[in-house]
Amino acid sequence: MKDKDIYSVKMRASRNVDGVDKHISGAEKIVDKDDIAACVGALVSRGLNHEKGNADFLNIKLEHVKEEIMYLDALPVTTIDVETWQDGHKEILKFLNEMNLRNASKILEFIDETYSMRGAMLLDVNILERLEEDQSRGIRATYMDAARDNNEVLSVEKNHYMEAIVLATKVSYCPGMVGEICISDDPGYVTGYVASKECGYRRITKMKESGSENGGRIFLFDSTKASISEAIDYLQNKKVLVRNVKPLNFKEKKDPMQVLKSVTDSMKENNLYRTMKTLETKEGVHIKIDGKEYVLMASNSYLDITAHPKMIQKCKEVLDKYGVGSGGSRLTTGNMDLHEELERKIAKFKNTENAILFNTGYVANLATISAIMKNGGVIYSDELNHASIIDGCRLSKAKIVVYKHNDMEDLKNKIEANPSDFSMAVSDAVFSMDGDILNLPEFVRICKDHGVLSMIDEAHATGVIGKTGHGIVEHFNNTVSPDIIMGTLSKAVGGEGGFVAGNNILIDYLRNTARGFIFSTSLPLVTVASDIAGLEIIESEPVLVERLHENVKYFCDYMSDNGYAINSETAIIPIIIGDEKKAMEASEILMENGFFVSAIRYPTVAKKRARLRIAIMSSHTKEELKRAADILLGILVSA
């Protein structure tokens, strides 16, 4: 907008009712010379088409603006939602009281006198006296508009909010003006506002009843701060363009990196921020961090075979023969004999017809659940399921019904209350943060009785439970098996990858539909070699599983005998602390005494359910377990 070539365009429309001109509509714009024709045409159309009725008189006034223009920044906006117009008027009183105005209630009573006026009432707030020369017409604040950029398209459509912001901003800068009250006289617009330079622009969502033409405006003036003539001259003659008038739904753009930083800052304040400790040795029961040795009691490598001689030898052989990368997905060029050998070993280990290999356990859950349930249906999910299960459910198009943790009666009730012709129930076999075991026989029975697919996640069960570490099916004496067995090779097995085991129909379906399988480069064969070796070690050295079971029992018995009753049939033993900060402090005490135990906090577990997650390994000595238990008992007693 060029200051030298701008014009004021005003429109006033009225209708004669019983010999009296009744105001219908009014508007004004400050525009470039090139926009005059379009502006006039649009304002004429606006004046002739109004919800108050058809105008029979319309006036357009065009004026070249030669005076210096005052640029103002728009008042900051807040919205106050109210249910009734009476509540809206209470907000007006609150506004008046915030400004320390005497007789706030009496000021509000003046609003009724404005309903028949075209202009605004100019009210002296000190003596409650009206200051307009023509009290039937009132004071008109004119010569104002929103400033526009050179490339911004002119719009003259009625926008109560945008026009009100412009008016309120100009009025707030008037000499001696302390505030403004406004109720629209348009029948279909019930929102009004109060405004001042100090309080900004406060939108009050309901100021009158819908359909009412009653509306008016009061300019709140303090005659001790400026002369009346000075104020009126500003309101009626000062040319003002208001900058930064934003749409009602406008949100200020934020620096994306600052948004991210604010999240991590908040995590730090709430003791939820995570940092990584760098191990300088192999993953095993004894590790070194920053040159100091620790006993590791936080690892998922429950059998401590990641550096087993057979594992290392197998990997060396395969590395020499095949190299490192696989070069493609399994369905293109990345399928090799060792991939298929591993899948056969997994199927045999889990006593199923077939198996399919994924790059991680997380991907296995995401890909499997989303592929099976991609056409909808219902998924019944335990409330404490792992994040990968939860995310797989979310990726599917199924309805998700959460049942109470390991509560088979609630599972049954949820299935019956949410029937579907295609559905799946999914649960951890061993729950990763609590260490408890799924009631598999009841889980499978309920699913079969209701025609529901049953799926379990054996990430923390494979190599851990069952007499020889074959998992939850063996734990329940091989009497029952679910439809879908998912697991990982990165925990007790000591390698990397995820898998799903089941019948041939299931595996054939996943090979052709599971996106995490189809579109992922296959696992490198050196990793596959570690997985094969890990399964072979578990099969050939059952003593490892026996030692793990013995260590779990020893640790639980020692803690219970010394005043802290715990029991676990798995390698996971949670020590519930509750408060996130105290859990972190407990972890640090253990670190100071040579034991690495992780503090688990929200969102991994619920807020105020922070804990120490003890992870037992088969290679822990009884002396190490006793020392760790003694330190823990000291922490728990002092807490």
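Predicted model only: the values in this text are computed from it and were never measured. Throughout, numbering of the chain's residues begins at 1 and tracks the sequence.
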Go through the structure and list residues passing side chain to side chain contact (heavy atoms under 4.5 Å, CB included) with [X], not counting sequence neighbours.
{"X": "Ser229", "answer": "Ser227"}
{"X": "Lys238", "answer": "Met70, Lys170, Tyr234, Val240"}
{"X": "Ala141", "answer": "Met144, Leu167, Val171, Phe219, Leu235"}

Between the main-chain N or O of [Y] and the side-chain N or O of [X], is there a donor-acceptor pair closer than 3.5 Å?
{"X": "Ser598", "Y": "Ile600", "result": "no"}
{"X": "Lys414", "Y": "Val402", "result": "yes"}
{"X": "Ser45", "Y": "Ala42", "result": "no"}
{"X": "Ser423", "Y": "Gly377", "result": "no"}
{"X": "Thr205", "Y": "Val82", "result": "yes"}
{"X": "Asn418", "Y": "Val378", "result": "no"}
{"X": "Asp186", "Y": "Tyr189", "result": "no"}
{"X": "Asn270", "Y": "Leu272", "result": "no"}
{"X": "Arg613", "Y": "Ser432", "result": "yes"}
{"X": "Asn385", "Y": "Asp428", "result": "yes"}

Might you work through the side chain to side chain donor-acceptor pair (under 3.5 Å) test for Ser262 and Asp265, ending with a clear yes or no?
-> CA-CA 5 Å; Ser262 69; Asp265 286 346; over 6 Å; no

Distance check, rounded to the nearest 0.5 Å: [X] atom [atom1] versus [Y] atom [atom2]?
{"X": "Asp222", "Y": "Ile127", "atom1": "CG", "atom2": "CD1", "value": "10.5 Å"}
{"X": "Asn214", "Y": "Ser184", "atom1": "CG", "atom2": "OG", "value": "11.0 Å"}
{"X": "Ile111", "Y": "Arg217", "atom1": "CD1", "atom2": "CZ", "value": "9.5 Å"}
{"X": "Cys174", "Y": "Ile139", "atom1": "SG", "atom2": "CD1", "value": "9.5 Å"}
{"X": "Leu220", "Y": "Ser196", "atom1": "CG", "atom2": "OG", "value": "9.5 Å"}
{"X": "Asp87", "Y": "Ile80", "atom1": "CG", "atom2": "CD1", "value": "11.5 Å"}

Does some side-chain heavy atom of [Y] sit less than 4.5 Å from a side-chain heavy atom of [X]?
{"X": "Val9", "Y": "Met11", "answer": "no"}
{"X": "Val31", "Y": "Ile36", "answer": "yes"}
{"X": "Ile181", "Y": "Leu96", "answer": "yes"}
{"X": "Val426", "Y": "Asp457", "answer": "no"}

Considering residues at least two apart in sequence or located in another chain, which fulfil the salt bridge (charged side-chain N to carboxylate O under 4.0 Å, His left out) criterion with [X]?
{"X": "Lys61", "answer": "none"}
{"X": "Asp233", "answer": "none"}
{"X": "Lys412", "answer": "Glu416"}
{"X": "Arg611", "answer": "Asp434"}

Taking it one step at a time, do Met207 and Ile92 satisfy side-chain contact (heavy atoms from CB on, under 4.5 Å)?
-> CA-CA 9 Å; Met207 298 276 268; Ile92 298 175; 3.4 Å; yes

Enumerate the salt bridge (charged side-chain N to carboxylate O under 4.0 Å, His left out) contacts for [range], please, sequence neighbours excluded, ordered by first and then second residue.
{"range": "residues 362-385", "value": "none"}
{"range": "residues 394-407", "value": "Asp391-Arg394"}
{"range": "residues 107-130", "value": "Glu113-Arg130, Arg130-Glu132"}

Should Thr368 and Met455 be marked as a side-chain contact (heavy atoms from CB on, under 4.5 Å) after you check the CA-CA gap, both sets of side-chain angles, and the distance that decides it?
-> CA-CA 10 Å; Thr368 300; Met455 176 176 173; 4.1 Å; yes

Which pairs pass ring pair (Phe, Tyr, Trp, His ring centres under 6.0 Å) with one or both residues in residues 379-407, sequence neighbours excluded?
-> His405-Phe431

Could you note down all residue pairs passing ring pair (Phe, Tyr, Trp, His ring centres under 6.0 Å) where residues 87-127 supplies at least one of them, sequence neighbours left out?
-> Trp85-His89

side-chain hydrogen bond (donor to acceptor under 3.5 Å, both in side chains) with Tyr193: of Arg203, Glu180, Arg202, only one passes, and it is Glu180

Apply the test side-chain contact (heavy atoms from CB on, under 4.5 Å) to residues Lys197 and Met177: give CA-CA distance (whole Å), side-chain angles for both, the deciding distance (0.1 Å), then the verdict.
-> CA-CA 9 Å; Lys197 193 188 300 185; Met177 198 65 65; over 6 Å; no

Check the pair Lys94 / Glu91 against salt bridge (charged side-chain N to carboxylate O under 4.0 Å, His left out), numbers first and verdict last.
-> CA-CA 5 Å; Lys94 187 186 295 185; Glu91 290 297 330; 3.4 Å; yes

Test side-chain contact (heavy atoms from CB on, under 4.5 Å) on Ser105 and Leu93 and set out the steps.
-> CA-CA 7 Å; Ser105 297; Leu93 286 173; 4.0 Å; yes

How about [X]: does its [atom1] atom have over 12 heavy atoms from other parts shown lying under 6.0 Å from it?
{"X": "Tyr602", "atom1": "OH", "answer": "no"}
{"X": "Arg515", "atom1": "CZ", "answer": "no"}
{"X": "Glu83", "atom1": "CD", "answer": "no"}

Heavy-atom closest contact ([X] atom, [Y] atom, distance):
{"X": "Ala367", "Y": "Gly516", "value": "CB-N, 3.7 Å"}
{"X": "Leu75", "Y": "Ala168", "value": "CD1-O, 3.8 Å"}
{"X": "Pro247", "Y": "Met162", "value": "CA-SD, 3.9 Å"}
{"X": "Val597", "Y": "Ser587", "value": "O-OG, 2.7 Å"}

Identify whether NZ of Lys or CZ of Arg in Lys10 sits under 6.0 Å from the centre of the six-membered ring of Tyr143 and within 45° of that ring's axis.
-> yes

Passing option when Glu580 is tested against Lys607, Lys608, Lys268 for salt bridge (charged side-chain N to carboxylate O under 4.0 Å, His left out) = Lys608

